[in-house]
Structure formats: C-alpha cells, structure tokens
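All values below were derived from every heavy atom in this structure, side-chain atoms included, with hydrogens, water molecules and symmetry-related copies excluded. Throughout, numbering of the chain's residues begins at 1 and tracks the sequence.
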Amino acid sequence: MAENCTRKLIVEICNANNLMPKDGQGTASAYAIVDFAGQRRRTKTKFRDLNPVWDEKLEFLVHDIGSMASEILEINLYNDKKIGKRSNFLGKIKLAGTVFVSAGAESLVYYSLEKRSVFSQVKGEIGVKIFYVDEEAAPTPPEQKEETAEEKPPEEEKPAEENKEEAPKEEEKPNPPPPESSNPQDAVAASTSETNPAPEEENNQPLANKEEPPSETAKYKAETGKSTELIINNLELRSLSGDRNRIGYDLVDPMPFLYVRVVKAKVANKEPACPLHAKIVIGTHSIKTKTQIDRDWDQVFAFDKERLNSSSLEVSVWTEEGKNEEAPSSLAESCLGTVPFDLQEVPKRVPPDSPLAPQWYSLESESETGNDVMVAVWVGTQADEAFQEAWQSDSGGLIPETRAKVYLSPKLWYLRLTVIQTQDLQLDLVSEAKVRSPEIFVKALLGAQLFKTSRTQVGSAWNEDLVFVAAEPFEPFLVVKVEDASNGQSVGEVKIHVSSIDRRTDDKTEVKSRWFNLIGGENKPYAGRIHIRVCLEGGYHVLDEAAHVTSDVRATAKQLTKPPIGLLDVGIRGANNLLPVKTKDGPCGTTDAYVVAKYGPKWIRTRTILDRFNPHWNEQYTWDVYDPCTVLTIGVFDNGRYKGDKDVSIGKVRLRLSTLDMNKVYRNSHTLTVLSPDGAKKMGEIEIAIRFCCSSWLSLIQAYGSPMLPRMHHVSPLGPAQQDILRYTAMRIVTARLARSEPALGQEVVQFMLDSDTHVWSMRRSKANWFRVVGCLSRVASLVRWLDEIRTWVHPPTTVLVHGLLVAAVVCSHLVLPTIFMYAFLILALRLRYCRRIPYNVESRLSYVDVVSPDELDEEFDEFPTNKSSDTIRIRYDRLRALASRVQTLLGDVAVQGERLEALFSWKDPRATSILLVFCLFVSLLFYLVPLKVLVLGAGFYYIRHPRFQDDMPSIPINFFRRLPSLSDQIM
C-alpha cells in the first residue's frame with residue numbers, strides 16, 4: 001500500500017427491529033450515535049417507529065491503520081427526549097476492529113442490543129454494514145511543499161499555551177444555520193439534531209468530529225515518510241507472527257546452536273567472473289555454501305552444539321577454476337585461505353539482543369594474500385531469528401520437506417443454490433414426440449462437486465436447495481445445467497461467476513432471485529431460461545473435521561467473529577523411545593520424526609529430526625482460543641516425502657481445552673499408539689507442554705452458556721445426512737489445498753489428523769460405542785441394585801436408616817431439595833481431591849484396540865468397495881448378520897414397551913383399560929381423602945417391608961404390564 005494512503009471507516013446504519021417502547025405511547029423515536037477513535041457521528045431521528053430504517057452512511061477517519069484492530073466501535077440507540085419524557089436509552093452494541101472488512105466484502109449483519117446496566121430495559125436488534133476504504137491522498141507539488149515549509153515554521157513554533165488559548169475561540173464560533181428543506185420532517189430532524197444533540201449523560205461531548213491528536217504511529221509516519229501498513233490486524237496475526245518472539249521459549253528447553261553466517265568475500269588476484277564458494281569445517285562436520293560468481297552468499301548455518309566433536313571452527317574460501325558447461329564435474333578447486341575460530345571464545349546471543357554484526361577477517365594462506373571474508377559466528381538457541389532460514393544440521397540442511405512450517409486451512413463457505421423453476425425450454429422435438437410429458441432435472445457443478453434436483457415435468461417448479469462447499473480462492477464458475485431425463489441430453493446451461501455471488505450472514509437478509517438465459521450450444525444460443533437464487537452463506541460454520549473433535553466453531557463471515565477469550569501455548573519438547581519405521585543401509589532401522597499440530601484453521605509442522613529415536617524439537621507455538629470446549633490434535637509422523645515416499649503415522653494425541661486449568665503449565669509425556677492391520681502397536685512417547693491462558697473468568701463462563709455453533713445452524717439447520725456429506729466434501733477440499741502447498745502437507749497426514757475415516761464401518765468402534773452405552777447405564781443399574789438390596793434387607797442397618805430418612809423426608813418435605821443439592825455440593829467438593837491432574841488423551845483401553853481380532857482389523861482397513869475374496873466376504877457378512885440380529889431384537893424389545901403403554905390408553909385390550917379406568921377413579925378418591933404425606937410414607941414402608949412379608953413372584957403391576965398387547969404379533 002502506498003505511503004500516502006489514508007483509511008476511512010464507513011459505518012452504514014441500516015435499520016433496527018423490535019425496539020423497546022420508551023415514549024409512553026407504545027412507540028419510540030430512535031436515533032443512533034456512533035463513536036470510534038474519539039470521533040462521533042449521529043443519524044437522523046425516526047419518529048414513532050419501533051422498526052426504524054435509516055440507511056445512513058457515517059464516515060470515520062482511521063488515525064492509525066496498524067492499531068485499527070484494537071479499536072472499539074460503539075453504537076448507542078436513544079429515544080429522542082423531545083418526543084417522550086421517559087428513559088432515552090434503547091440499547092447499544094460494541095464491535096472490535098477485528099470484524100471490519102474491506103469494501104466489497106461487507107454484508108448486512110444484525111446484532112442484538114445489549115444493556116448498559118443491570119436495570120436497563122432493552123430488546124431488539126440493529127442491522128449495520130461496516131467496511132473500510134483505503135484512499136490515496138493527492139500528492140503535493142514540490143514547489144508548494146517548499147513554500148509551505150518556508151511559511152509555516154513561525155506558526156509551528158508557537159508555544160503550547162498559545163494553542164490552548166486559540167482552541168476556545170474555535171469552539172465559540174456559532175454553528176451554521178441548518179439548510180432549508182422542502183420536507184418538514186427533514187427540517188424537524190435537522191433542528192432536533194442541533195437543539196438536542198445527545199442525552200443528558202452525553203451532553204458534555206459535542207457531536208462534531210472530535211479528532212484526537214495524531215498517535216505515535218501517525219507522527220512516525222509523518223516524520224519519516226514510512227508506511228505502517230505492514231502491521232496487519234495484530235489480534236489475528238499475533239498467533240502466527242508471535243510464535244517465536246512473543247515471550248520466548250518458556251515451555252521448552254533451550255537448545256544451543258552454533259551459528260555461522262558467511263556473507264561475502266573479497267578476492268584480490270582473481271577475475272571477477274571466477275566462481276567462489278566457502279567451506280565450513282568443524283571436526284567431522286563439513287558443509288559448503290552455494291557457488292556464486294558475485295561472491296555474495298549471505299548464508300547462515302546452524303550446528304547442534306551438543307553433537308560437535310571439535311573445539312575449533314575453520315571457514316575457508318575456495319575458487320573453482322576450469323569450470324565449463326560440457327564437463328562441470330572437472331573442476332580444479334584451490335583454497336584462497338582459511339579463518340580459524342576457537343569455539344570457547346565465540347560470543348553468546350539470546351534474543352531480544354540485536355543480531356551480531358558480521359566482520360571482515362583476513363584469509364590466512366601461504367600463497368594468497370589480500371583476501372578477506374565477512375563472517376559472523378555466535379552461539380544461540382532455537383529462538384534465534386536466523387534459525388528458521390538457516391541450514392540446520394539436525395534436519396538435513398536446506399531440504400524443503402524437513403523445514404518447520406505454518407499452514408492455514410482455506411476459508412470455507414456454504415454456497416446455497418435454490419432452483420425455483422424453468423420457462424420456455426427448447427426441448428428436442430423427437431424426444432418430446434415420444435414422451436407426452438417429458439421429465440427434466442437440474443444438475444449443478446462447482447469444481448468436483450455435483451448435485452441434482454429431483455425429476456419433474458416441464459412447467460413444474462422445484463423450490464429445492466442445493467448446498468455446496470466453496471473454498472477461497474473460489475472456483476471460477478458455478479455451472480447450472482438443465483437435462484432431459486428421457487434421453488439424458490442437456491437442454492441448456494448457464495455459468496455464474498462465484499466471485500459475483502451475493503453474501504449473507506443470517507436468514508434475515510433477503511437474497512433476490514434472478515432469471516438466467518440457458519445456452520444450448522453452438523446451434524442453440526437460447527434454450528430457455530431458469531429462475532434461481534444463489535448466495536454464499538457466511539452465518540454457518542463449515543465443519544471440516546469430525547464433530548466430536550472440532551477445534552473451531554466460528555462462523556465463516558468475519559463480521560460475526562467475536563474476540564478471542566484466551567491464548568493456547570503449546571511446546572513440542574521431544575519424543576522418547578520411538579520405534580524404527582523404515583530401514584536404512586540394510587537391516588538397520590531408522591525414524592525421521594516430525595510433529596504436526598492443528599487447532600482451528602492453523603496447522604504447524606515442526607522440523608524433521610533425521611535418524612534419531614529420541615528427537616528433541618523444543619519448538620513453541622501459539623493459537624488464539626475462541627471457545628474453550630474445543631480439541632487440540634497433535635500427530636507424530638515419519639518423514640518419507642523428502643525421499644519420494646509417503647509419510648507414515650506414528651501416533652496421535654488429543655487434548656480438550658475444557659479439561660485444562662487456566663494459566664497452568666501441563667508438562668507430560670503421552671503414549672503414541674498406532675493402529676494397523678497387524679494390530680495396535682506402541683510406538684513411543686511424546687513430551688508436550690501446554691498452557692491455556694485466559695485473562696477474564698467472566699468471558700470464559702459466558703462461553704459455556706452460549707451455543708456451540710453459530711445462529712444459522714439453529715434457525716435454518718442442515719439435515720444430518722446433508723451435513724455429513726458437506727463435512728466430507730470440506731475434508732477433501734482442505735486435504736487437496738494443503739497438498740498443494742510448498743512444501744506439501746501430505747494427503748495421508750491431513751486425513752489422519754482430521755479423522756476422515758470415522759464414517760467407515762468398524763466392528764471395533766461398534767463394540768467400543770456399545771460398551772460406552774453400557775458404562776453410562778451402569779450408574780442407573782447400580783442405583784437399582786442398591787434399592788433392591790435395601791428392599792430385600794441385605795444390610796439391615798442400612799434399611800433401618802432408610803426408614804428414618806423416609807420419615808424425615810415426609811415430615812420435613814420442604815428440606816428435601818436443599819438437602820439433595822447440598823449433598824451434591826459436598827460430593828463434588830470431595831471429588832476435587834481425586835481430580836486427574838494429567839490432561840486426558842486417546843486411550844487404548846477405551847478404543848478396544850487390544851482385544852480386537854486380526855480379521856476385524858483387516859476389515860476396518862479394507863478399501864471401499866472391497867477387493868477381498870468371496871470366502872472372506874461371506875465370513876464377514878455372516879458376522880455382521882449375527883450382530884445385526886442382536887440389534888434387531890433389542891430394538892424390538894424397546895418398541896414393545898412403548899406399544900404396551902400406548903395400548904393401555906387406546907382400548908386395544910378392553911379389559912386391561914377398564915381395570916386402569918377403575919384404578920384411576922379409586923386413586924383419585926384416595927388422594928382426595930388421604931393426605932399426600934401419609935400416602936408417600938405408606939408406599940415407602942410397603943416397598944422396603946421385611947422379606948418375611950414379601951413374595952418371591954413378580955408384583956401385580958409388573959404382571960399387568962407384561963400382559964398388555966403390542967404390535968409384534970402383526971409383523972410378518
């Protein structure tokens with residue numbers, strides 16, 4: 001962006017809905033006051049309207065573009081006090097600068113009005129559009145600048161006291177008269193805005209543009225002429241740019257590295273076109289720079305200091321003579337000199353210390369003189385700014401596939417296409433003659449996504465929605481085709497530019513439908529027309545991962561994004577006892593491990609540590625947290641991509657943020673278990689340090705009361721089947737986009753992190769889910785067993801105590817609920833002592849990976865469709881039938897209980913219903929005559945009576961219920 005660029009913030013106050021009446025007559029005369037960066041604007045007053053429409057644009061000047069994201073925009077609605085005498089406050093909203101978008105990306109967003117205090121009576125919502133425009137200021141001619149510079153110094157040198165004396169004079173100037181208007185309402189509105197500028201509590205602030213003195217950044221820009229546009233949205237990018245420099249590596253151990261920066265060389269007696277390279281030698285370590293003719297390398301090398309086997313460093317410069325293109329390998333290298341360094345005297349540097357300046361060193365040589373090399377040598381850590389771009393000894397040098405990288409998932413939208421109807425279709429006459437009423441359908445394509453409407457006769461309407469997943473940057477066209485179902489031929493098609501499609505953030509924004517002409521081909525420039533409605537839905541969150549491990553629940557539209565509630569710091573420390581994954585130099589095994597972590601749209605990948613079973617990465621990263629009930633996923637992989645192979649998964653760790661305490665560091669080792677067709681295998685352990693920082697308890701508690709997904713998921717929900725299809729489509733899009741990055745994040749890595757195979761049938765998962773249900777019901781079974789033990793007097797003292805509790809509960813019934821909740825409070829408080837201090841992780845026992853059979857695992861990893869033999873398929877089919885029969889019987893038993901209860905009230909068994917009729921009459925009379933406490937006490941004593949007075953056979957109510965009819969005898 002140009003240095004002389006200015007930014008304006010445009011706030012369009014559109015309308016408000018369902019405001020609180022405040023004028024005593026059931027209405028309100030509302031106007032809006034907007035405050036931003038010390039500036040204030042006001043709209044006109046809309047008289048006696050609870051749903052006012054303003055459609056006014058208010059402009060604000062952004063003083064400091066770099067700090068715009070931290071500014072707060074406040075909109076207050078008031079009732080005009082000239083019309084009514086009651087409280088004038090109607091509501092307010094506060095918006096952070098992170099929701100501001102550039103011109104062209106804005107959309108109408110409705111915000112619920114908030115209270116100013118606990119006693120404020122507020123309701124309704126306000127619809128606004130907010131965007132910013134960057135404008136280039138007109139350049140001042142040089143001559144005019146010089147004249148201005150010559151004329152202005154005396155005024156600029158005035159003391160501050162004179163400026164203060166001039167300020168009141170400017171304020172005392174009378175306001176200009178309002179412009180004449182032919183509309184009396186406009187005149188009244190103008191006079192109202194002048195005579196009644198603000199409510200009583202705001203009278204001390206004028207409505208004019210209150211411009212604050214320029215900020216420090218603006219002064220810096222005016223004095224130096226340098227733009228501050230490179231500081232882009234600190235709240236959004238602090239977790240990206242601040243990973244390594246925010247507070248240092250406080251969750252990981254510092255790793256000492258020897259840094260050698262070779263800048264350039266000066267050679268006295270060589271031709272300018274002679275190629276040169278530098279060589280660095282530390283004991284057995286030897287590396288050389290790239291060969292340059294201009295002798296300017298500027299390369300940084302980082303050596304793991306703990307693995308150095310020498311106390312001296314030598315930097316030498318070599319010339320390559322006799323180089324030609326026909327035989328590049330036949331080079332005659334000659335050394336121009338060497339510079340030795342004693343590693344014991346190398347200085348240490350720890351950020352935020354400034355970088356060490358390189359110096360010229362004379363090359364020592366017996367035959368050459370007058371040659372110099374510019375070198376800088378220091379000892380630092382992995383927190384050094386030069387570490388990321390340096391040649392790293394532990395990750396194989398400058399191999400792109402082994403470097404640490406940060407990736408971002410593409411921004412995903414739902415694209416909704418509503419097909420309404422078609423008209424004037426030019427069908428094939430031959431097919432129309434064969435079929436009296438031909439059927440047609442509409443097919444829509446967006447990239448590789450294809451959806452169809454149902455078939456209908458010509459002239460009928462569909463009114464069907466087709467929902468796609470669109471990723472930025474968008475596909476160029478949305479193709480809509482009309483096809484004849486009788487012969488499968490295309491009637492016509494239309495291409496719609498995706499970038500020109502309207503966007504909306506909620507269901508209140510109306511999207512206009514349009515007619516498009518269909519193009520049939522070269523011989524059919526007009527084949528009819530189609531009536532459709534298309535929009536990009538920004539009010540949904542596009543799920544791109546399994547619902548139970550989601551890490552982001554924000555809406556797509558930036559305007560609906562709330563400020564983050566905290567920060568998540570993750571330190572990838574190292575791994576221990578990793579097993580070999582591949583072979584190297586014969587039977588010997590090796591592992592080239594790296595870590596991938598995903599939270600929200602941000603993916604990180606550590607550098608690859610080559611050929612180590614106990615690698616230590618010691619890298620730290622930061623994420624913004626918008627919802628505490630989300631999951632961080634960390635995976636460990638073996639890097640085979642840098643050799644042309646696929647990466648192999650070693651294990652995965654999931655950590656739910658809601659299980660972590662605030663501002664507490666968890667430093668634990670987690671077991672890595674991988675599941676393969678051969679069974680579950682423990683691959684080692686990974687050590688992670690994690691910290692969830694939150695500055696406000698109130699915002700964290702409020703998050704628990706808000707819905708997980710945005711509003712559009714509740715007011716216009718998608719069906720479960722449709723949402724599953726869209727989720728897997730989004731997974732494929734994210735996988736394809738990240739695979740196209742450089743270096744690529746492999747398809748197998750992304751699919752493993754996103755759990756893209758959760759929809760695939762698995763006998764192991766089915767068993768695990770079944771035992772999860774049994775585990776939940778076991779609590780109820782334990783309670784029923786305890787009551788049965790009391791009823792049968794297994795422990796007589798306990799039964800006697802229950803008798804006493806029953807009498808106390810009946811006599812003092814008003815103390816039952818307080819006692820229950822106090823008991824629950826004490827139980828929860830006591831269980832805090834036994835709370836698990838280690839974050840929960842993936843458990844092998846819960847996943848039933850240790851008891852699964854090899855054939856079941858082979859079935860889980862089988863392709864779809866299967867390519868197994870017919871005998872194997874028959875065995876698996878029979879096993880599935882046996883399992884399905886049990887489920888079938890269970891579902892039938894549950895249905896029988898409900899049908900018996902329904903039959904009792906529908907007179908299917910007249911005698912049973914007659915018995916219930918007489919019983920209800922008797923019980924009603926009994927409740928009228930006998931007090932409720934006596935009945936409860938008698939029923940309790942009867943239930944826990946002594947076994948001598950109990951019968952071994954089932955009770956009468958159970959026998960009665962089991963005899964009721966069901967629909968099972970009517971099923972074939």
Q: Write down the atom of Ala444, the atom of Phe468, and the distance for their closest heavy-atom approach.
A: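 So the two residues come closest at CB-CZ, 3.4 Å.
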Q: Going by an N to O cut-off under 4.0 Å, is there a salt bridge joining Arg879 and Glu859?
A: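 Salt bridge present between Arg879 and Glu859.
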Q: Above 12 or not: heavy atoms from other molecules or residues under 6.0 Å from CD of Glu472?
A: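 Yes, the 6.0 Å shell around CD holds more than 12 heavy atoms from other groups.
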Q: Any chance you could measure Ser716, atom OG, to Tyr540, atom OH, to the nearest 0.5 Å?
A: 3.5 Å
Q: Just by distance, do the side chain of Gln299 and the backbone of Lys290 share a donor-acceptor pair under 3.5 Å?
A: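 Looks like yes, one N/O pair under 3.5 Å.
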Q: Strictly distance-based, threshold 3.5 Å: is any side-chain N or O of Arg727 a donor or acceptor partner for the main-chain N or O of Ala546?
A: no
Q: Do Trp391 and Phe303 have ring centroids that are under 6.0 Å from one another?
A: yes
Q: Would you say Ser409's side chain and Val734's backbone share a donor-acceptor pair under 3.5 angstrom?
A: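 Looks like no, no N/O pair under 3.5 Å.
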Q: For the side chain of Gln449 and the backbone of Val469, is there at least one donor-acceptor N/O pair under 3.5 Å apart?
A: yes
Q: If you measure from the Lys or Arg side-chain nitrogens to the Asp or Glu carboxylate oxygens, is any gap between Asp624 and Lys602 under 4.0 Å?
A: no
Q: Under a 4.0 Å threshold between the charged nitrogen and the carboxylate oxygen, would Arg876 count as salt-bridged to Asp858?
A: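 Answer for the salt bridge query: yes.
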Q: Answer yes or no: does atom NZ of Lys411 have more than 12 heavy-atom neighbours from other residues, nucleotides or ligands under 6.0 Å?
A: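 Correct, the count exceeds 12.
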Q: Within the side chain of Ser741, is there an N or O that forms a donor-acceptor pair under 3.5 Å with the backbone of Ala744?
A: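 No; judged by distance alone, with no hydrogens or angles, the pair does not exist.
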Q: Using 30° and 60° as the class boundaries, would you call the ring planes of His497 and Phe477 parallel, tilted or perpendicular?
A: tilted
Q: Just so I know, are the side chains of His616 and Arg573 near enough to count as touching, which here means a heavy-atom distance under 4.5 Å?
A: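 Side chain of His616 against side chain of Arg573, heavy atoms only: no contact under 4.5 Å found.
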Q: For a quick test of reading the model, state the closest non-hydrogen atom pair linking Gly640 to Asp647 and the distance between them.
A: N-OD1, 2.9 Å
Q: Dump the intermediate steps for side-chain hydrogen bond (donor to acceptor under 3.5 Å, both in side chains) on Ser551 and Lys598, then the final yes or no.
A: CA-CA 8 Å; Ser551 61; Lys598 179 193 182 298; 3.1 Å; yes
Q: Has Trp623 got a side-chain atom pairing as donor or acceptor with Tyr599's backbone, closer than 3.5 angstrom?
A: yes
Q: Hey, are Glu748 and Lys646 close enough for a salt bridge, meaning a charged N less than 4.0 Å from a carboxylate O?
A: no
Q: Nearest 0.5 Å, what's the CE-CE distance between Met731 and Met753?
A: 12.5 Å
Q: Check whether any side-chain heavy atom of Tyr626 sits under 4.5 Å from a side-chain heavy atom of Val553, and report yes or no.
A: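 SC-SC contact between Tyr626 and Val553 ruled out.
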Q: Output side-chain donor-acceptor pairs under 3.5 Å for residues 649-656, partner residues at least two apart or in another chain, one line each.
A:
{"from": "Lys652", "atom 1": "NZ", "to": "Phe752", "atom 2": "O", "distance (Å)": "2.8"}
{"from": "Lys652", "atom 1": "NZ", "to": "Asp755", "atom 2": "OD1", "distance (Å)": "2.5"}
{"from": "Arg654", "atom 1": "NH2", "to": "Asp755", "atom 2": "OD1", "distance (Å)": "3.3"}
{"from": "Arg654", "atom 1": "NH2", "to": "Asp755", "atom 2": "OD2", "distance (Å)": "2.3"}
{"from": "Arg656", "atom 1": "NH2", "to": "His548", "atom 2": "O", "distance (Å)": "2.9"}

Q: Run the salt bridge (Lys or Arg N to Asp or Glu O under 4.0 Å) check on Arg612 and Asp304 step by step: do they pass?
A: CA-CA 14 Å; Arg612 295 189 193 177; Asp304 190 353; 3.7 Å; yes
Q: Where the side chain of Gln392 meets the backbone of Ile609, is there a donor-acceptor pair that is under 3.5 Å apart?
A: no
Q: Yes or no on side-chain hydrogen bond (donor to acceptor under 3.5 Å, both in side chains) for Thr591 and Asp638, after CA distance, side-chain angles and deciding distance?
A: CA-CA 6 Å; Thr591 299; Asp638 175 76; 4.7 Å; no
Q: Can you name the side-chain contact (heavy atoms from CB on, under 4.5 Å) partners of Pro628, sequence neighbours left out?
A: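 Pro628 satisfies side-chain contact (heavy atoms from CB on, under 4.5 Å) with Ile565, Leu700, Ala703, Tyr704 only.
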Q: Identify the heavy atoms of Val467 and Phe451 that sit nearest to each other, and give their distance.
A: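 Shortest heavy-atom contact: O-CE1, 3.5 Å.
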Q: Compare every heavy atom of Ala386 with every heavy atom of Val300, then report the nearest pair and how far apart it is.
A: CG1-CB, 4.2 Å
Q: Would Arg605 and Tyr407 count as a cation-pi pair here, with the cationic atom under 6.0 angstrom from the ring centre and within 45° of the axis?
A: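 Judged by the rule, Arg605 and Tyr407 form no cation-pi pair.
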Q: Could you state the interatomic distance from NZ (Lys767) to CG (Leu883), rounded to the nearest 0.5 Å?
A: 9.0 Å
Q: Can you name the closest pair of heavy atoms from Gln747 and Arg641 and give their distance?
A: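 For Gln747 and Arg641, the tightest heavy-atom pair comes out as N-NH2, 4.1 Å.
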Q: In sequence, state the C-alpha distance, the side-chain angles, and the governing distance for Ile634 and Val570, and then conclude on side-chain contact (heavy atoms from CB on, under 4.5 Å).
A: CA-CA 10 Å; Ile634 301 175; Val570 180; 4.2 Å; yes
Q: Start with the C-alpha gap between Val534 and Leu415, add the side-chain angles, then the distance that decides, and say whether side-chain contact (heavy atoms from CB on, under 4.5 Å) holds.
A: CA-CA 7 Å; Val534 60; Leu415 189 150; 3.8 Å; yes
Q: So Arg732 and Thr729, side-chain hydrogen bond (donor to acceptor under 3.5 Å, both in side chains) or not? Walk me through it.
A: CA-CA 5 Å; Arg732 289 195 297 268; Thr729 302; 3.3 Å; yes
Q: Got a salt bridge between Asp250 and Arg691, using NZ or NE/NH1/NH2 to carboxylate O under 4.0 Å?
A: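 Looking at Asp250 and Arg691, the cut-off is met.
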Q: Is it true that Arg764 and Glu856 make a salt bridge, defined as a side-chain N closer than 4.0 Å to a carboxylate O?
A: no
Q: Determine whether more than 12 heavy atoms belonging to other residues, nucleotides or ligands lie under 6.0 Å from atom NZ of Lys562.
A: no
Q: Do Thr505 and Gln559 have side-chain atoms, one donor and one acceptor, less than 3.5 Å apart?
A: no
Q: Between Ile686 and Ile688, is the side-chain contact (heavy atoms from CB on, under 4.5 Å) condition met? List the steps.
A: CA-CA 6 Å; Ile686 181 173; Ile688 300 172; 4.0 Å; yes
Q: Using a strict 4.0 Å threshold on nitrogen-to-oxygen distance, state whether Arg554 and Asp627 make a salt bridge.
A: no
Q: In Å, rounded to the nearest 0.5 Å, how long is the span from CZ of Phe692 to OG of Ser658?
A: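 Phe692 CZ to Ser658 OG: 9.5 Å, rounded to 0.5 Å.
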Q: Can you check whether Ala105's main-chain N or O pairs, donor with acceptor, with Arg503's side chain at less than 3.5 Å?
A: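 Not at all, since once roles are kept as given, no pair shorter than 3.5 Å links the two residues.
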Q: Got a sec: does the NZ of Lys582 have more than 12 other heavy atoms crowding it under 6.0 Å?
A: yes
Q: So how far is it from Thr550 OG1 to Asp552 CG, rounded to the nearest 0.5 Å?
A: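 Reported value, rounded in 0.5 Å steps: 6.5 Å.
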Q: Compare every heavy atom of Leu412 with every heavy atom of Ala471, then report the nearest pair and how far apart it is.
A: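 Distance-wise, the nearest heavy atoms are CB-CD2, 3.6 Å.
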Q: So how far is it from Leu543 CG to Glu545 CD, rounded to the nearest 0.5 Å?
A: 8.0 Å
Q: Look only at the side chain of Glu464 and the backbone of Ser454, and say whether a donor-acceptor pair between them is shorter than 3.5 Å.
A: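 Checking the backbone N and O of Ser454 against the side chain of Glu464, a donor-acceptor pair under 3.5 Å is found.
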Q: What's the verdict on side-chain contact (heavy atoms from CB on, under 4.5 Å) for Tyr621 and Thr606, showing C-alpha distance, side-chain angles and the deciding distance?
A: CA-CA 10 Å; Tyr621 298 91; Thr606 66; 4.3 Å; yes
Q: For the pair Asp502 (side chain) and Cys535 (backbone), establish whether a donor and an acceptor sit closer than 3.5 Å, ignoring hydrogens and angles.
A: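 Side chain of Asp502 to backbone of Cys535, a donor-acceptor pair under 3.5 Å: no, none is there.
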Q: Around Trp761, counting heavy atoms of other residues, nucleotides and ligands shown, do more than 12 lie under 6.0 Å from its CH2?
A: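 More than 12 within 6.0 Å, yes.
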Q: Would Thr608 and Glu401 count as a side-chain hydrogen bond (donor to acceptor under 3.5 Å, both in side chains) if you check the C-alpha gap in whole Å, the side-chain angles of each, and the deciding distance to 0.1 Å?
A: CA-CA 8 Å; Thr608 301; Glu401 289 78 8; over 6 Å; no
